[in-house]
Number of protein chains: 2
Amino acid sequence: MGEAAGTGRRSIGARRNPDSADAILDAAEAVLAEAGYSGFSIEAVARRARAGKPTIYRWWPSKAALLLDVYQRQKRVDVPDTGNLEDDLVGFLKNLFAHWRLTASGNVFRSLIAEAQSDSHAAAALAGYATGRRAHTGQVIERAKARGEVAPEVDAGIVADLIASYAWRHLLTNRLDEDKATLRTAVRYVISGISAKR
Amino acid sequence: MGEAAGTGRRSIGARRNPDSADAILDAAEAVLAEAGYSGFSIEAVARRARAGKPTIYRWWPSKAALLLDVYQRQKRVDVPDTGNLEDDLVGFLKNLFAHWRLTASGNVFRSLIAEAQSDSHAAAALAGYATGRRAHTGQVIERAKARGEVAPEVDAGIVADLIASYAWRHLLTNRLDEDKATLRTAVRYVISGISAKR
DNA sequence: TCGGTGAAACGATACGGCCCGTTCCGGGGC
DNA sequence: GCCCCGGAACGGGCCGTATCGTTTCACCGA
């Protein structure tokens with residue numbers, strides 16, 4: 001999977017032109033930001049990048065691979081570390097929603113999820129990516145566990161899954177402007193069920 | 001009489017042919033079940049139903065509307081009423097996942113969500129449908145509230161949202177075969193944060 | 001009661017347009 | 001010279017609309 005999709009080093013013999021690749025990724029991002037998923041086609045990206053379609057197909061085997069590359073080129077949302085689990089998770093959701101709203105990332109990720117529903121390559125790529133992110137988010141819970149804020153037997157993966165699910169659904173249903181109070185309430189419902197003390 | 005008990009779309013003078021409509025909906029369901037979302041096109045449905053494309057376009061303004069009609073024709077998943085909130089929610093998720101796995105519903109709903117990412121009509125239809133379902137699921141929490149099992153100030157909508165989000169993400173990432181134990185744990189994390197006592 | 005009539009839905013076909021994924025070509029930088 | 005590039009073109013599929021001729025069915029006057 002990471003085979004042809006990476007922006008980093010390539011296998012021996014393949015001499016990808018960095019200028020061209022960047023122009024294509026820039027164009028893909030711009031098209032997605034302006035026309036959304038429905039307007040996102042290989043031809044549109046090629047036109048925008050003043051590149052040839054074969055150049056795109058040479059380096060990205062599918063629309064999904066291109067989308068994933070675009071998404072991974074974005075800056076990552078940082079997970080706060082305030083010393084308090086509730087604040088960490090609320091802050092994370094708030095940062096994530098803002099990031100999705102204010103950059104092309106939201107559209108890119110929505111498109112990737114949609115693409116994954118009809119393309120098995122996209123599904124596999126998304127599954128791998130989601131696993132990595134879940135582990136990442138799970139660290140917040142692990143930190144809280146280390147602080148004694150969360151019971152040690154709690155499954156951090158499931159908690160991260162609940163939080164990520166909540167974020168996904170808001171992205172997919174255009175509710176990225178959710179009240180901060182609502183976010184806090186949702187987070188509180190989840191984590192007050194896992195706290196060590198009561 | 002038995003005249004067009006369909007989806008309530010008819011206006012005066014419109015004489016939709018029930019046979020034709022049923023054939024189209026049957027064909028749409030079959031195409032989705034066999035070819036999935038990527039193979040689902042109006043032309044494919046028309047071929048399968050031995051109907052003309054204009055007939056489909058006459059009664060369904062978009063692919064999304066057709067998908068929604070197909071989905072709503074399916075049997076609904078019943079929400080258990082065991083007298084215990086945790087069992088109700090776990091049972092609901094289990095029923096829902098089984099329903100999505102074993103019938104065409106899962107594919108239909110996945111397709112509808114994907115379509116909503118690129119079509120505003122689909123997004124609107126989906127939002128309306130989701131609102132209705134959320135209220136429906138919220139009744140489970142309200143029942144628990146009436147039993148004194150849940151604190152009265154709890155926002156049933158947010159809890160229903162968390163549960164629905166969890167279900168959506170499992171559908172969209174092909175994890176409908178999740179362990180029952182994991183489901184129970186997830187449900188427990190959510191609802192033990194809203195219980196009235198302890 | 002009964003047959004005529006016309007509106008409306010039907011299946012089929014065709015159209016221009018867009019996009020897919022591939023192939024071929026000529027130009028140009030290392 | 002090599003090999004990657006951009007451009008053009010291809011066959012194929014689907015979209016959404018227009019336009020055929022046909023069939024169905026509610027209405028209504030004889």
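Only this structure's heavy atoms are used, side chains among them; waters, hydrogens and symmetry mates stay out. Not measured: the values here are computed from a predicted model. Residue numbers begin at 1 in each chain, while the letters A, B, ... track the order of the sequences.
Here C/dG11 presents its P atom at 6 Å from CD1 of B/Ile24, a figure rounded to the nearest Å. The CG-C1' distance, from A/Asp119 to C/dC20, rounds to 13 Å in whole Å. The OH-C1' distance, from A/Tyr37 to C/dC19, rounds to 13 Å in whole Å.
When each of B/Ala49 and A/Arg47 is assigned the nucleotide of DNA chain C bearing its nearest heavy atom, the one mapping closer to the 5' terminus is B/Ala49.
Not a single side-chain hydrogen bond (donor to acceptor under 3.5 Å, both in side chains) links B/Lys63 to another residue, sequence neighbours left out. The salt bridge (charged side-chain N to carboxylate O under 4.0 Å, His left out) test applied to A/Asp119 returns no partner, not counting sequence neighbours. By the salt bridge (charged side-chain N to carboxylate O under 4.0 Å, His left out) test, B/Arg47 is found to be paired with no residue, residues two or more places apart in sequence or in another chain being considered. Evaluation of the side-chain hydrogen bond (donor to acceptor under 3.5 Å, both in side chains) rule for A/Arg101 yields no partner, not counting sequence neighbours.
Among residues at least two apart or in separate chains, salt bridge (Lys or Arg N to Asp or Glu O under 4.0 Å) pairs with a member in residues 28-45 of chain B are B/Glu29-B/Arg73, B/Glu34-B/Arg48, B/Glu43-B/Lys53. Screening residues 88-98 of chain B for side-chain hydrogen bond (donor to acceptor under 3.5 Å, both in side chains) gives B/Thr82-B/Asp88 as the qualifying pairs, with residues at least two apart or on separate chains. Applying the salt bridge (Lys or Arg N to Asp or Glu O under 4.0 Å) test to residues at least two apart or on different chains, the pairs with a partner in residues 157-176 of chain B are A/Asp161-B/Arg169, A/Asp161-B/Arg175, A/Arg169-B/Asp161, A/Arg175-B/Asp161, B/Arg134-B/Asp161, B/Arg175-B/Glu178.
Between the side chain of B/Gln139 and the backbone N or O of B/Ala135, no donor-acceptor pair lies under 3.5 Å.
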Are any protein N/O atoms closer than 3.5 Å to N/O atoms in nucleotides 15-18 of chain D? If there are, list each pair with its distance.
{"residue": "D/dC15", "atom": "OP1", "partner": "B/Ile42", "partner atom": "N", "Å": "3.1"}
{"residue": "D/dC15", "atom": "OP2", "partner": "B/Ile42", "partner atom": "N", "Å": "3.1"}
{"residue": "D/dC15", "atom": "OP2", "partner": "B/Glu43", "partner atom": "N", "Å": "3.1"}
{"residue": "D/dG16", "atom": "OP2", "partner": "B/Tyr57", "partner atom": "OH", "Å": "2.7"}
{"residue": "D/dG16", "atom": "N7", "partner": "B/Lys53", "partner atom": "NZ", "Å": "3.1"}
{"residue": "D/dG16", "atom": "O6", "partner": "B/Lys53", "partner atom": "NZ", "Å": "2.7"}

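Within the 4.0 Å cut-off from OP1 or OP2 of C/dA9, not a single side-chain nitrogen or oxygen of B/Trp59 is found. Between B/Arg58 and C/dC10 there is a side-chain N or O to OP1 or OP2 distance below 4.0 Å. OP1 or OP2 of D/dC4 has not a single side-chain nitrogen or oxygen of A/Thr55 nearer than 4.0 Å.
Listed by residue number, there are no residues of residues 109-116 of chain A with a heavy-atom contact under 4.0 Å to DNA chain C.
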